[in-house]
Number of protein chains: 2
Amino acid sequence: MPRVTLKTIAEAVGVSRTTVSNAFSRPDQLNPELRRRILEVAEELDYAGPDPAARTLRRGKAGVIGVLLTEELSYAFTDPYAVAFLRGLAEIAEAASTSLLLMAWPDEASAERVVREAIVDGFVAFCMDEGHPALEALHQRRLPFVIAGEPYVKGVPFVGIDDRAAAKTLCTHLLRLGHRRLAVLQATHPRINMDTAHMSSAIADRLAGYRDAVLDAGLSWDDVAVRPTTHSREGGRSGAAQLLDLYPRPTAIIATTDLIALGALQAVAERGLTVPGNVSIAGFDDIPEAGEAGLTTIRQPKSEKGRTVGRLLLEETIGNAPRILMPYELITRSSTSPPPGA
Amino acid sequence: MPRVTLKTIAEAVGVSRTTVSNAFSRPDQLNPELRRRILEVAEELDYAGPDPAARTLRRGKAGVIGVLLTEELSYAFTDPYAVAFLRGLAEIAEAASTSLLLMAWPDEASAERVVREAIVDGFVAFCMDEGHPALEALHQRRLPFVIAGEPYVKGVPFVGIDDRAAAKTLCTHLLRLGHRRLAVLQATHPRINMDTAHMSSAIADRLAGYRDAVLDAGLSWDDVAVRPTTHSREGGRSGAAQLLDLYPRPTAIIATTDLIALGALQAVAERGLTVPGNVSIAGFDDIPEAGEAGLTTIRQPKSEKGRTVGRLLLEETIGNAPRILMPYELITRSSTSPPPGA
DNA sequence: TCGTAGTTCTGAATTGATTCAGATCCAAAT
DNA sequence: ATTTGGATCTGAATCAATTCAGAACTACGA
């Protein structure tokens, strides 16, 4: 049996399609009594209501913002940084009665298709890898879109922080405390079926910031041990374990993200060493767990970032493609102190 | 200037609309050389690709699952229980190249509209309040949908646990330890513009389970102090503070959720008392923080719940409307012990 | 009684694609 | 020389609504 549509009902009641449409979408345009009858018949016929796809086609507005995330969708609910960002975005979207479409693809090859088929009014790309095929597809859609965090693409509205300057601030803090033997734990994006680990642009910026500080202090960057590691607590743990085995042992370990720093804290504890007594540890992002762990870190306004992106997208004033840099802040907690013997 | 569509391109190239459509959606249906030319012209004309709304209208499939959440959308990224559930759902959706539409409405009145306008193939309602207008609208859409957690509505596929039996297990554990003076912290859903606090059906079930255990032990439910509190850490803290002031002081406090129990732990610490020395505390859900806090609780398979819901929705085998009850497990940690002096 | 205004309803055009049954054309097989 | 088959392309119908100009009717004051 064919689907029940406006037409079916119009015929059953003996009115025009227009009138039935009005009964649902513009109640003030018809006699209340007639409207009642139409709704009644619709109910009897098990009508599911005006088809949203057809409506959107005609109206040209979806009331939805598409959200693209790195690799796995479940990441949206795993990484505390992503969670905070999305919370901020959700607040703004909700107030505008706009839903969030969290987009998912099983592999890079499908990303394009998913982007092409999304029924949305705009997109936000959150911490996508530079050069991801989805970004190219995004351009093709010619809808408003904002890149959050990374990568910075010329001409595309961007919301983030000055990672490089922030990283320099953090590293300078350690140098001022007197540390001279530094080590860095650097997050990598492990790509499937690729044996080279990929560094994201934000991470690259942070690394550059650490370097800036080291050079400014008149030290050599070559003396700083940089260890790549997967972006996870466990990655930080094993990476830090190796750094702690160096001789002479570094007096401070700076991670490119809090998640990794938390793993490093664990590694230190497992060695029977203490933080900051034997070694100072610093992270980046200030996720909630960082506070509990007493981690010195750079705080960036995660939820506020999400809110800013939401406003940008909803106000449609992004024609001028601004690059918005949010404020950051050095948060010093108990995981850093002057080096032992200083 | 009018929008660029398939027609515009068809005319520019001098072929039919069908052929242009095929160039995008069925590359094998036309000469590669012609396809190349069409794509080239499309690029020149700044064509944004086949309109997804039009495509969906014609095809009848959206590739999206709609997710309805209680009250605030940001809740999805706040409550660890919700986060875990959504992670599981996301895993399954992703594998099927299906996106998740997190639906948001500024107030209850808009909920209906948002549900009616969502372009999706199915819905999942996560821990919605019983009788929420969105649920009614959901029925009207006549799309597959699954209710997760609560409320249980006859005839609608359901995935959850047997809250009542689980609660009984938990309470029985405390009674076996020897506790006789119990108190309960009960979560409420505060409704806007309503002075009566609303109890969700899952919470009601848990409460009933506690009562079952108490009665089975030959005790009187009237002797158990039940304190309603908002569903938050802070609510648990202030609620517990009051229970601790009772004389004689309860030897065990059972909360209806972990979040509240965590607040209770804090209240005990603020009083200068110890857990479980002076008072035992138990929660419900086993959110990650519960493990860290050493909280005795009921573990329910949060992510697995999400996965089950996802499979149900994607396999479309939900015609028979099953009620799926997942396994739960009593997790005893350091927050419970025999009462003082036992 | 006529003009005007307001309410209620309709018809046809429009939104942007996909689908499917055929029309063409060319080469290979009979 | 005719048939067959495949590849390539087209026209018209279809998907399910919304929109807008205008028709029909009623009511009201002049």
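Quick note on labels: first sequence line is chain A, next is B, and so on, each numbered from 1.
The side chain of B:R3 contributes an N or O atom lying less than 4.0 Å from OP1 or OP2 of C:dG16. B:T19 has no side-chain polar atom (N or O) that falls below the 4.0 Å cut-off from OP1 or OP2 of D:dC9. Within the 4.0 Å cut-off from OP1 or OP2 of C:dT18, at least one side-chain nitrogen or oxygen of B:S25 is found. In this structure, A:R55 does not reach the C:dT15 phosphate: none of its side-chain N or O atoms is under 4.0 Å from OP1 or OP2. For A:T5 and D:dA16, the shortest distance from a side-chain N or O to OP1 or OP2 is not below 4.0 Å. Checking the phosphate oxygens (OP1, OP2) of D:dA17, no side-chain nitrogen or oxygen of A:S21 falls inside 4.0 Å. OP1 or OP2 of C:dA17 has at least one side-chain nitrogen or oxygen of B:Y47 nearer than 4.0 Å. Residue B:R17 places no side-chain N or O under 4.0 Å from the OP1 or OP2 atom of D:dC9.
Look at CD1 on B:I38: it is 12 Å from C1' on D:dT10, rounded to the nearest Å. Taking atom CG of A:D51 as the reference point, atom P of C:dG16 lies 17 Å away to the nearest angstrom. Rounded to whole Å, atom P of C:dG16 lies 10 Å from atom NZ of B:K7. Spacing between atom CG of B:N31 and atom P of D:dA7 amounts to 12 Å, rounded to whole angstrom units. If you measure from atom CZ of B:R26 to atom C1' of D:dT10, you get 14 Å, rounded to the nearest angstrom. Distance CG (B:L30) to C1' (D:dT10): 13 Å, rounded to an integer number of Å. Counting to the nearest Å, the P atom of D:dA16 and the CZ atom of A:F24 are 15 Å from each other. Rounded to a whole Å, the CZ atom of A:R37 is 14 Å from the P atom of C:dT8.
Remark on DNA chain D: of its neighbouring residues B:R58 and B:L34, the 5'-side contact belongs to B:L34, judged by nearest-heavy-atom nucleotide. Position along DNA chain C of the nearest nucleotide to A:T18 versus B:N22 favours A:T18 as the more 5'-ward residue.
No side-chain N or O of B:T19 forms a donor-acceptor pair with one of B:N22 less than 3.5 Å apart.
A distance-only check finds a donor-acceptor pair linking the side chain of B:D121 to the backbone of B:A62 [under 3.5 Å]. A side-chain donor-acceptor contact under 3.5 Å links A:T8 to the backbone of A:T5.
Of the listed nucleotides (D:dC15, D:dT18, C:dA17), D:dC15 has the atom at the smallest distance from the side chain of B:L57.
Using cut-offs of 30° and 60° for the angle between ring planes, the A:W105 and A:H132 rings count as tilted.
By the 6.0 Å and 45° rule, B:R141 does not stack over the aromatic ring of B:F123.
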